[in-house]
Enquirer: 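Here it is, the structure in full.
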Amino acid sequence: NAFEWVGLTDLLEPSVCLLHYQANGSLPASCDCRAAAPLAMPRFNHGVERRDHEALPAHLQAALDEHTAVDAQLFAAGLRLLLGRLRRVEEATGASLLAC
């Protein structure tokens, strides 16, 4: 058996739940946002402080946007796939995967 899986770190918990569903045909109760203890994965920043991109000068923002244009397109395509697959799992299981 084989399947295709798309996950995003921005939606880590729903991505992991989709992987579990695709691999096992079932969904752990903790994947449902209405669960008493919804799934919460640890977050690692490796000691790097998160910064607001709006604080960067306009020319630097433009250069970064140009440099990451393909990344943004790939992310958008992955997000569309992931959201569509999560919606299908929600419909099939009655669970709420995106409301957390």
Side-chain angles (χ1 to χ4, degrees):
N1 293 336
F3 61 84
E4 294 178 2
W5 175 75
V6 174
L8 297 173
T9 55
D10 289 6
L11 292 171
L12 184 57
E13 288 82 359
S15 295
V16 169
C17 290
L18 175 63
L19 178 61
H20 188 281
Y21 183 82
Q22 286 184 250
N24 301 298
S26 64
L27 198 62
S30 61
C31 286
D32 192 331
C33 293
R34 298 170 297 207
L39 182 63
M41 304 291 292
R43 299 283 195 249
F44 302 100
N45 65 7
H46 305 284
V48 177
E49 183 180 323
R50 189 175 194 117
R51 298 175 186 229
D52 182 9
H53 72 282
E54 296 294 329
L56 297 172
H59 75 280
L60 188 51
Q61 288 183 39
L64 287 171
D65 287 345
E66 182 180 334
H67 188 70
T68 59
V70 173
D71 297 323
Q73 292 173 1
L74 181 60
F75 180 87
L79 181 60
R80 281 191 300 274
L81 282 172
L82 177 59
L83 291 175
R85 291 174 182 179
L86 289 170
R87 290 285 180 219
R88 286 193 292 279
V89 172
E90 286 183 328
E91 291 169 1
T93 63
S96 175
L97 303 176
L98 291 168
C100 304

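Numbers here are sequence positions counted from 1. As the structure is a computational prediction, the values presented were derived from the model and not from experiment.
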Enquirer: Between atom CZ of Arg85 and atom CH2 of Trp5, what is the distance when rounded to the nearest 0.5 Å?
Expert: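 Between Arg85 CZ and Trp5 CH2, I get 10.5 Å after rounding to 0.5 Å.
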
Enquirer: Any heavy-atom pair between the side chains of Leu82 and Ser15 that's under 4.5 Å?
Expert: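 Yes, side chains in contact.
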
Enquirer: Tabulate below the donor-acceptor pairs under 3.5 Å that side-chain atoms of residues 32-45 make, not counting sequence neighbours, or state none.
Expert:
unit_1: Asp32; atom_1: OD1; unit_2: Arg34; atom_2: N; d: 2.9
unit_1: Asp32; atom_1: OD1; unit_2: Arg34; atom_2: NE; d: 3.1
unit_1: Asp32; atom_1: OD1; unit_2: Ser96; atom_2: N; d: 3.3
unit_1: Asp32; atom_1: OD2; unit_2: Arg34; atom_2: NH2; d: 3.0
unit_1: Arg34; atom_1: NH2; unit_2: Gly94; atom_2: O; d: 2.5
unit_1: Arg43; atom_1: NH2; unit_2: Glu13; atom_2: OE1; d: 3.1
unit_1: Asn45; atom_1: OD1; unit_2: Gly47; atom_2: N; d: 2.9

Enquirer: Mind checking the CD-NE2 spacing from Gln22 to His20? Nearest 0.5 Å is all I need.
Expert: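 One finds 12.0 Å between CD of Gln22 and NE2 of His20.
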
Enquirer: When you group the ILVMFWY residues by side-chain heavy-atom contacts below 4.5 Å and let the links chain together, are Val6 and Leu74 in the same group?
Expert: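 They do not share one cluster, since no chain of ILVMFWY contacts under 4.5 Å joins Leu74 to Val6.
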
Enquirer: Counting only heavy atoms from other residues, nucleotides and ligands, does the tally under 6.0 Å from CD of Glu54 exceed 12?
Expert: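 Buried by this count: over 12 neighbours within 6.0 Å.
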
Enquirer: Please tell me if the side chains of Leu83 and Leu98 come closer than 4.5 Å, counting only heavy atoms from C-beta onward.
Expert: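 Counting from C-beta outward, Leu83 and Leu98 do come under 4.5 Å.
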
Enquirer: Could you state the interatomic distance from OG1 (Thr68) to CZ (Phe75), rounded to the nearest 0.5 Å?
Expert: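 Atom-to-atom, Thr68:OG1 and Phe75:CZ are 12.0 Å apart.
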
Enquirer: Quick one, Leu12 and Val16 - any side-chain contact, counting heavy atoms below 4.5 Å?
Expert: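 SC-SC contact between Leu12 and Val16 confirmed.
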
Enquirer: Tell me, do Leu56 and Leu64 make a side-chain contact under 4.5 Å, heavy atoms counted?
Expert: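 Side-chain contact under 4.5 Å: yes.
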
Enquirer: Taking it one step at a time, do Leu27 and Cys17 satisfy side chain to side chain contact (heavy atoms under 4.5 Å, CB included)?
Expert: CA-CA 7 Å; Leu27 198 62; Cys17 290; 4.0 Å; yes

Enquirer: So that I can tick it off, tell me whether Glu90 and Arg87 are bridged by a salt bridge, with the cut-off set at under 4.0 angstrom between side-chain N and carboxylate O.
Expert: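 Salt bridge between Arg87 and Glu90, a charged N being under 4.0 Å from a carboxylate O: yes.
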
